[in-house]
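Report on the structure given below.
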Amino acid sequence: MPEFTTLDHENLNSVVYGALCDALMQGRFQPGDRLKIRDLAEQFGTSVTPIRDAILRLANDEAITFRSPRDIRIPEMSESRYREIRAIRVRLEGLAAETAAQVATSADIRALEGILLENEQAIAAGDRLRGTQLNQAFHFMLPQIAGLPVLNTILRRLWLQMGPNISDAYIEGGRAMIDHHYPVVEALKRHDSAAASMAIVDDILLGGKPILERIERGTERKVRRA
């Protein structure tokens, strides 16, 4: 169970929901993990009410599966769902990269390069959690640089579902999870919108192969058990 900072905030519902969203997008949970409301309440230092409310919101976001108060899990994604989300990400994150390339400053470039450097260190150390967090940070820098807050909000919902699966495959994926980030940065340096869009699409399609392969193996196991 991931550790969370005890909260002291007047709007606990929103804070708890936001913290759990971040945990999902950054890979602090993995497919199949079971969530326990009382354990989470103890972690956050709250009553069960804001935890339960956040869990219900996440179920509505399709980020978790709520069968009963005693059976709350991070879902295992189907291949068809992964492919659908991937197709949407290609279009939306391609737009983010394309727009970011038009306006990226030297400070933006330095920030992306800093994320890449830290991610290299995380991969070298076999730090799955840190690597997943930095991967998410890199991707979300693009709509931020582009000045597209609505797009950022849409992507957050997709990443709620994708985060655990990216984390699950991160170490196995190795350099495939980061190599395609470099052409994105180079395209932003040149203010080359078309190249930036193509580079992030390559990252999602080619860099994401280990994720798809892992999901396919999980599907095969389920078929054999059926």
Side-chain angles (χ1 to χ4, degrees), residues 5 9 11 14-29 54 57-58 61-63 85-123 127-167 170 173 177-208 211:
T5 302
H9 195 284
N11 193 358
S14 294
V15 174
V16 169
Y17 173 72
L20 288 176
C21 284
D22 287 342
L24 284 162
M25 290 188 293
Q26 295 171 2
R28 295 174 68 184
F29 296 108
R57 288 179 67 181
L58 288 167
D61 291 331
E62 300 181 282
I85 291 175
R86 185 180 67 174
I88 297 168
R89 285 184 62 207
V90 161
R91 295 297 183 92
L92 297 185
E93 294 192 38
L95 172 62
E98 175 186 332
T99 309
Q102 298 169 17
V103 298
T105 65
S106 57
D108 294 327
I109 300 298
R110 286 195 299 272
L112 289 170
E113 289 177 330
I115 292 171
L116 278 173
L117 177 61
E118 289 188 58
N119 212 337
E120 289 282 5
Q121 295 167 350
I123 289 176
D127 189 337
R128 172 190 61 81
L129 180 57
R130 183 61 177 154
T132 306
Q133 291 171 339
L134 291 162
N135 178 70
Q136 186 251 344
F138 183 92
H139 281 264
F140 275 75
M141 272 288 292
L142 297 177
Q144 180 181 327
I145 292 169
L148 298 173
V150 174
L151 177 56
N152 186 77
T153 299
I154 295 169
L155 288 172
R156 281 179 66 85
R157 178 156 183 172
L158 297 178
W159 273 73
L160 285 176
Q161 299 173 55
M162 285 301 306
N165 293 277
I166 293 172
S167 176
Y170 207 82
M177 308 301 283
I178 190 173
D179 276 347
H180 296 283
H181 289 181
Y182 287 95
V184 176
V185 175
E186 292 304 313
L188 263 63
K189 287 180 180 178
R190 302 192 306 270
H191 298 291
D192 188 336
S193 294
S197 180
M198 289 177 62
I200 202 67
V201 168
D202 283 344
D203 179 53
I204 295 168
L205 296 180
L206 302 178
I211 306 167

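The first residue of the sequence shown is numbered 1, and numbering continues consecutively from there. Quick caveat, the model's predicted, so the values are computed rather than measured.
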Any side-chain heavy atom of [X] sitting closer than 4.5 Å to one from [Y]?
X	Y	value
Ile166	Gln26	no
Ile211	Met177	yes
Glu93	Leu142	no
Tyr170	Leu129	no
His181	Val185	no
Val150	Ile154	yes
Arg130	Glu118	yes

Please report the closest heavy-atom contact between [X] and [Y], naming both atoms and the distance.
X	Y	value
Ala97	Leu188	O-CD1, 4.2 Å
Ala196	Ala187	N-CB, 3.4 Å
Ala54	Val16	CB-CG1, 3.8 Å
Ala104	His191	O-CE1, 3.1 Å
Ala96	Leu151	CB-CD2, 3.8 Å
Ile85	Gln161	CD1-OE1, 3.5 Å

Side chain [X], main chain [Y], donor-acceptor under 3.5 Å:
X	Y	result
Tyr17	Arg57	no
Thr99	Leu95	yes
Thr132	Arg128	yes
Asn119	Leu116	no

Atom [atom1] of [X] and atom [atom2] of [Y]: how far apart are they, to the nearest 0.5 Å?
X	Y	atom1	atom2	result
Leu134	Glu120	CG	CD	11.0 Å
Leu158	Arg89	CG	CZ	8.0 Å
Asp61	Leu160	CG	CG	5.5 Å
Ile123	Asp179	CD1	CG	8.0 Å
Leu24	Gln136	CG	CD	11.0 Å

For Phe140 and Trp159, take the angle between the two ring planes, folded into 0 to 90°, and tell me which bin it lands in: parallel under 30, tilted 30 to 60, perpendicular over 60.
perpendicular
How far apart are the C-alpha atoms of Asn135 and Met25, what are their side-chain angles, what is the distance that settles it, and do they pass the side-chain contact (heavy atoms from CB on, under 4.5 Å) test?
CA-CA 10 Å; Asn135 178 70; Met25 290 188 293; over 6 Å; no
Under the side-chain contact (heavy atoms from CB on, under 4.5 Å) criterion, do His139 and Ile200 qualify, and how do the steps go?
CA-CA 9 Å; His139 281 264; Ile200 202 67; 3.8 Å; yes
side-chain contact (heavy atoms from CB on, under 4.5 Å) assessment of Arg86 paired with Leu205
CA-CA 8 Å; Arg86 185 180 67 174; Leu205 296 180; 3.7 Å; yes
Test side-chain contact (heavy atoms from CB on, under 4.5 Å) on Val184 and Leu112 and set out the steps.
CA-CA 10 Å; Val184 176; Leu112 289 170; 5.7 Å; no
All pairs passing salt bridge (charged side-chain N to carboxylate O under 4.0 Å, His left out) where residues 188-203 contributes a residue, at least two apart:
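Only Glu113-Lys189, Glu186-Lys189, Arg190-Asp192 qualify under salt bridge (charged side-chain N to carboxylate O under 4.0 Å, His left out).
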